[in-house]
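In what follows, a single structure is set out as structure tokens and then discussed.
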Protein chains: 2
Amino acid sequence: MAESDEGQDIGRPERISEAEHAVMEALWEHSPLTAADVADKVGKSREWSLATVKTLLSRLVAKHAVATEPDGRRFLYRPLLERADYVGGESRRLVDRLFGGRAAPLLAHLAEAEALSDDDIAEIEALLRELKQ
Amino acid sequence: MAESDEGQDIGRPERISEAEHAVMEALWEHSPLTAADVADKVGKSREWSLATVKTLLSRLVAKHAVATEPDGRRFLYRPLLERADYVGGESRRLVDRLFGGRAAPLLAHLAEAEALSDDDIAEIEALLRELKQ
DNA sequence: GGCTTCAGATTACATATGTAGTCGTATAGG
DNA sequence: CCTATACGACTACATATGTAATCTGAAGCC
């Protein structure tokens, strides 16, 4: 048992795998969805069987990242974890692990790898202006 | 067999796990090192037995991320994969997976999460100036 | 030269993850 | 009513990962 029996499930953000993340993206884009809907959306890019998508959805429910609500004889799935939280967490983890928590070196790396377009640069400048005032 | 038998091992960057990454950090900081040395350095933060570190080193050698050279009856380990390459790859993967390859949204997220210090901001501004000229 | 010791090699084992298939059952169609 | 289906639940299984312990052989110490 993860949390001592009884009591609501606060905190403890269970790790979401890459495959699971793909499913989350489908739900973030639009929800609620049935398993078939999700399989459909995700199936565009990955070649997953419906069974696979169902497994991933179950795991996400077990991890409290997705909630279900009955809809007749089936379920509608809806994200519990918000995309911003997930994305923020993952970004943070990477920056912490690889750059000692500093964002600047990350940016430097992306810049070096030509991963920054002119638009990106303009956007980042705007962001900084906003942060400073 | 990973690459058709015979022929040098070009490309195919095998994925390095988080635990393995910790070992790489030790080697990037200073190399070559013996397994015991690595265990020592890594042991500062993680509570790993020497056996564990040896396993991780072996796996890294199998993944061609680390090379060995005999030193008497033991090995000296030295990174083959460069830190910049690893870090660049991981950053890229994250940005691609979560931000459609755009760096600006990543930065926005870090900013929102207060993950940007004043120093960071100054540093990033300097970076941008450099990029623009 | 035999015993201890230290190093890498091999084996172990639980959990996570990717990827499905099968089971049981409620329901919709005939 | 009975049957074909469509779902979720359960089971499966290979590989990856975290975390070690054990085996084997060479080196050094008495």
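Per chain, numbering begins at 1; letters A, B, ... match sequence-line order.
- Between the P atom of dT15(C) and the CZ atom of Arg15(A) lies a distance of 19 Å, rounded to the nearest Å.
- Taking 3.5 Å as the limit, the base of dA6(D) and the side chain of Arg73(A) contain a donor-acceptor pair of atoms between them.
- Salt bridge status for Arg92(A) with Asp96(A): present, with a side-chain N to carboxylate O gap under 4.0 Å.
- Residue whose closest nucleotide on DNA chain C sits further toward the 5' end, between Gly72(A) and Leu76(B): Leu76(B).
- The CG atom of Asp71(A) sits 12 Å away from the C1' atom of dC7(D) (whole-angstrom rounding).
- Atom NZ in Lys63(A) sits about 15 Å away from atom P in dT15(C), given to the nearest Å.
- Interface remark: the Ser17(B) side chain does not form any donor-acceptor pair with the dA16(D) base, using a distance-only criterion of under 3.5 Å.
- Proximity note for Ala19(B) (side chain, C-beta onward) versus dG8(C), dT27(C), dG18(D): the nearest is dG18(D).
- With dT19(D), dT19(C), dT17(D) as the choices, the nucleotide that has an atom nearest any side-chain atom of Thr52(A) turns out to be dT19(C).
- In terms of polar N and O atoms assigned as donor or acceptor, the side chain of Ser49(A) never comes within less than 3.5 Å of the base of dA20(C) in a complementary pairing.
- Between the CH2 atom of Trp48(B) and the P atom of dA20(D) there is a distance of 9 Å, given to the nearest Å.
- Taking the side chain as every heavy atom from C-beta outward, Val53(B) and Leu57(B) approach each other to under 4.5 Å.
- In this structure, the CG atom of Leu57(B) is 14 Å from the C1' atom of dT19(D), given to the nearest Å.
- When distances are taken from the side chain of Glu18(A) to each of dG18(C), dT19(D), dT19(C), the shortest belongs to dG18(C).
- Under the 4.0 Å criterion applied to side-chain N and carboxylate O atoms, Glu90(A) and Arg97(B) are assigned as salt-bridge partners.
- For Arg59(A) against dG18(C), a side-chain N or O and a base N or O form a donor-acceptor pair under 3.5 Å.
- Between Lys54(B) and the phosphate of dC6(C), there is no side-chain N or O to OP1/OP2 separation shorter than 4.0 Å.
- Distance Ile16(A) CD1 to dG18(C) C1': 16 Å, rounded to the nearest Å.
- Closest to the Thr55(B) side chain, of the nucleotides dG8(D), dG8(C), dA20(D), is dA20(D).
- Within 4.0 Å of Arg74(A), counting heavy atoms only, lie sugar-phosphate atoms of the nucleic acid but no base atom.
- For Arg93(B) and Glu18(A), the salt-bridge test passes: some basic side-chain N is under 4.0 Å from an acidic carboxylate O.
- Note: CD (Glu20(A)) to C1' (dA16(C)) measures 9 Å, nearest angstrom.
- Salt bridge annotation for Glu69(B)-Arg78(B): present, with a cationic side-chain nitrogen under 4.0 angstrom from a carboxylate oxygen.
- Rounded to an integer number of Å, the gap from Leu33(A) CG to dG8(D) P is 12 Å.
- Residue Ala36(A) is out of contact with every strand shown, counting any heavy-atom pair closer than 4.0 Å.
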